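Every chain is numbered from 1, with letters handed out A, B, ... down the list of sequences. A quick note: this is a predicted structure, and the numbers were derived from the prediction, not measured.
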There are 2 protein chains.
Amino acid sequence: MASSELAVARIAAFGELGVKDLASLEQMAAPVRQLGRGKTIRHEGDPEPKMYLLLSGWTESSMLLPSGERQSIKVHLPGDLLGMPGLAMRYAPDTIRALTEVQVTTIEPRYIGGLFKTNPRIAAMLFLVSQEERVFLMDRLASVGRTGSLNRIAALIAQLSIRIGRQDRKPADSYFAPLTQSQIGDMTGMTAIHVNRTLHKLELANICIWRNRTVTIIDRIRLQELAGFPSRELAVDHSWLCDAC
Amino acid sequence: MASSELAVARIAAFGELGVKDLASLEQMAAPVRQLGRGKTIRHEGDPEPKMYLLLSGWTESSMLLPSGERQSIKVHLPGDLLGMPGLAMRYAPDTIRALTEVQVTTIEPRYIGGLFKTNPRIAAMLFLVSQEERVFLMDRLASVGRTGSLNRIAALIAQLSIRIGRQDRKPADSYFAPLTQSQIGDMTGMTAIHVNRTLHKLELANICIWRNRTVTIIDRIRLQELAGFPSRELAVDHSWLCDAC
DNA sequence: CGACTTCTTGAGGAGACTCAAGGGTGGTGG
DNA sequence: CCACCACCCTTGAGTCTCCTCAAGAAGTCG
């Protein structure tokens, strides 16, 4: 798999990967699947949920409420592992959809199990990625639970800027974001209409512009102020991990 | 540590524990710490976050927003592992406080690392518990993001009923819940005042009563309807895990 | 070019928040 | 043992954010 360097980006944040590690990872990857925008990778409620590795494009994980409304849990960027939370469940908790043309590979749960025996180092890294995701969800929960519309949208924009700019080691000041206003609403827990008005407010205040699927950040300071989430730093000292492997 | 049977309840949900497994777990437990209600176990922002095992009592994990408001992430019951998400971070993302008199033991991260080498089975179970927690957070996010006050409070009450009744294998119809209305507000993303009014509505509608730190569920059907979250079932087929160990 | 999705704008209403004040309860110290 | 204090609960009135309903414009894809 040629894109393996890209694909392990998330894991590699927690340590250097050796030859053996890369081999472990490549072995898991099933043939690449290609899907068009709007296609569903797996449905909420499907039995025996699997994991997926996103090679290119954007996907979104979301849950349906009895009222018929959707809550988007997270958008995924290339290199992200999709569907991990489902491993603990009998039925898939979330729906995973392609937001753009995407390439994904399926990862069978048994490979993950095998990893714990054959390559504890990688297993521990997967564990750490899971903890990182938990913190991400905690931040989202705080944002959606306790802040207003301007703050939530600002938080979304700032967060995406950081995630997209991760490869370059600095936040992206302008980036492509293939989300409709309705989808932004699903992510932030607001109406598409209110998203529209809020985006206009942000633009009017000269903070940022989101138009034509493109985000441009004008005033990062004030954006960050509005967003109001702390800039998280990953743990640097992995001696406790390395002792083990 | 005499309470280890209790303490590992969460992990045991994913598989039987052998003698070796129990030994692995006991070895990690540092001396027991006892703290009074309101005492802080660790602060948001503290460097080198550790993990804790809750032996008795209730604790709460929460995050502070720039506005000064608090968002409660989760309340913990005996047997829960506290602070796991922080393992991936340089600074603790959340504050952990005692809601009642509690007993906790600290778990050094290096023991977790060691687990991945010496007892991959337990490591995998910790991994699964983490995924379960992610699903829990996803459900919370959907609840807070897209539903009204009645639904949120109903969801909280129903969820606690399930968690507390887990040992008895059926939801508890009446239980002790040491949360003030202000804390309920922090959990559900609403004002203490509005919590008060909403609780009265639930009582007036003959659905449930929350008074004097005691919850009594009168009409579980309608409570569940209001709560509106799916009843999650943990994965039963762990062949993919057992293959490894 | 036509059908569909997405975006935009307006008007009105509902739910949740703020501010304010009073009453209950439990714990502590004199 | 009682008085006090801190915390918690309760209720009312007014305000604001965000939602709903509605309709039209703009963009996109076949």
Of all the nucleotides listed (C:dC19, C:dT6, C:dA16), which has the minimum atom distance to the side chain of B:I193? C:dC19

Could you check how far CD1 of A:I184 sits from C1' of C:dT6, rounded to whole Å? 11 Å

Of A:N212 and A:T147, the one whose nearest nucleotide on DNA chain D sits closer to the 5' end is A:T147

Which part of the nucleic acid, if any, lies within contact of A:R37, taking any heavy atom under 4.0 Å across all strands shown: a base, the sugar-phosphate backbone alone, or nothing? sugar-phosphate

Round to a whole Å and report the spacing from NE2 of A:H194 to P of C:dG15. 17 Å

Quick one: B:R146 CZ to D:dC18 C1', roughly how many Å, whole number? 12 Å

Under 4.0 Å between a Lys/Arg side-chain N and an Asp/Glu carboxylate O for A:R70 and A:E44? no

Please report the distance, rounded to the nearest Å, between CG in A:L199 and P in D:dC18. 13 Å

Please give me the minimum heavy-atom distance between A:D173 and A:R220, naming the atom from each residue. OD1-NH2, 3.0 Å

Side chain to side chain contact (heavy atoms under 4.5 Å, CB included) partner of A:R10, the single match among A:L53, A:V129, A:L54, A:L81: A:V129

For A:D186 and D:dC19, give me the distance from atom CG to atom P, rounded to whole Å. 12 Å

Per the atom types in the model, does the base of C:dG15 pair as donor or acceptor with the side chain of B:R197 at under 3.5 Å? no

Determine: side-chain N/O of A:T191 to OP1/OP2 of D:dC18, distance under 4.0 Å, yes or no. no

Under-4.0 Å side-chain N/O to phosphate OP1/OP2 contact, A:N196 with C:dC7: no

Spacing between B:K201 atom NZ and D:dC9 atom C1', to the nearest angstrom: 18 Å

Is A:H200 near enough to C:dT8 that one of its side-chain N or O atoms lies under 4.0 angstrom from OP1 or OP2? yes

Contact class for B:R211 (heavy atom, under 4.0 Å): base, sugar-phosphate, or nothing? nothing

Would the distance check show the side chain of B:S61 and the main-chain N or O of B:K74 forming a donor-acceptor pair, the cut-off being under 3.5 Å? no

Output yes when at least one side-chain N/O atom of A:R213 is less than 4.0 Å from OP1 or OP2 of D:dT28, else no. no

Indicate whether OP1 or OP2 belonging to C:dT6 is found under 4.0 Å from a side-chain N or O atom of A:Q183. no

Hey, does B:G185 reach any base, or is it just sugar-phosphate, or nothing, if we go heavy atoms under 4.0 Å? nothing

Pick one: which of B:L179, B:L202, B:T216 meets side chain to side chain contact (heavy atoms under 4.5 Å, CB included) with B:W210? B:L179

Whole-Å gap separating P (C:dA14) and CG (B:L150): 16 Å

Separation of C:dA16 atom C1' from B:I153 atom CD1, nearest Å, is 12 Å

Taking only the side-chain heavy atoms of A:Q181 (C-beta and beyond), determine which of D:dC8, D:dT10, C:dT8 contains the nearest atom. C:dT8

